[in-house]
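Contents: one structure, followed by commentary.
As the structure lists them, so they are numbered: ligands from 1, and atoms in each ligand from 1.
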Amino acid sequence: MSNIPVEIAEFANRCESKMKSGLTEEELTAQIRDDLEAVLDKGFDLPTPFTTPNPDHYVMYPLYISDDGDFCVASAVWGVGQRTPVHGHETWGVVGIYSGRETEKQFEKPTGSSSALVETGEVTWRPGEVTVCCTTDDDVHEVWSDGNEPCVGIHVYGANIGELRRRKYDPMTGEESWFVSTWAPIGVGG
Ligand SMILES: [Fe+2]
């Protein structure tokens with residue numbers, strides 16, 4: 001198994017320290033966003049096993065998972081043209097782009113009534129850019145690789161995202177269903 005970059009290991013340690021320091025979710029995610037921005041700006045090499053697309057669907061590789069499962073850092077890889085369903089996260093999340101380009105379409109979080117989801121915006125993220133992609137109260141979006149090369153993102157979540165049950169939505173009807181994204185085997189996409 002490939003080792004994760006020391007820059008990511010140190011970043012994960014700093015994040016865990018921040019999580020124990022009594023910050024609000026807004027303060028915590030803002031600090032993690034700024035930290036990840038600095039890490040990406042300084043640069044590091046993510047080994048190929050963590051950047052390998054699967055030809056059939058996007059994949060998430062674990063870079064770091066806390067012992068108690070309340071935090072993780074992932075390498076999320078979208079092959080050219082691949083996309084997620086419209087989905088939520090059930091936790092906070094911070095996403096920074098390592099390579100490629102990702103476009104995100106955001107929606108209002110449904111309140112339970114079955115009706116078409118309401119779009120609230122669309123943003124394209126480029127290498128080095130970082131966003132607080134989701135908070136506990138506002139976490140519904142759809143993401144795709146936007147460009148002619150795969151997109152690799154560093155994703156940070158307040159849960160073990162590969163094992164967390166979360167919602168996906170039919171944007172036309174608002175119908176929701178539950179899924180687990182699962183972790184891909186490192187290097188082979190899964
Ligand atoms: Fe997402």
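Atom CD of Glu16 sits about 3.5 Å away from atom OH of Tyr64, to the nearest 0.5 Å. Rounded to the nearest 0.5 angstrom, Glu176 CD and Asp170 CG are separated by 11.5 Å.
For the residue pair Arg166/Thr91, the side-chain donor-acceptor check at 3.5 Å is not satisfied.
By the salt bridge (Lys or Arg N to Asp or Glu O under 4.0 Å) test, Glu104 is found to be paired with no residue, residues two or more places apart in sequence or in another chain being considered. Residues satisfying the salt bridge (Lys or Arg N to Asp or Glu O under 4.0 Å) test with Lys105, not counting sequence neighbours, are Glu119. Applying the salt bridge (Lys or Arg N to Asp or Glu O under 4.0 Å) rule to Asp146 yields the partners Arg101; only residues at least two apart in sequence or on another chain are considered.
Counting only distances under 2.8 Å, and ignoring water, the protein N, O or S atoms around the Fe ion (ligand 1) are His87 NE2, His89 NE2, His141 NE2.
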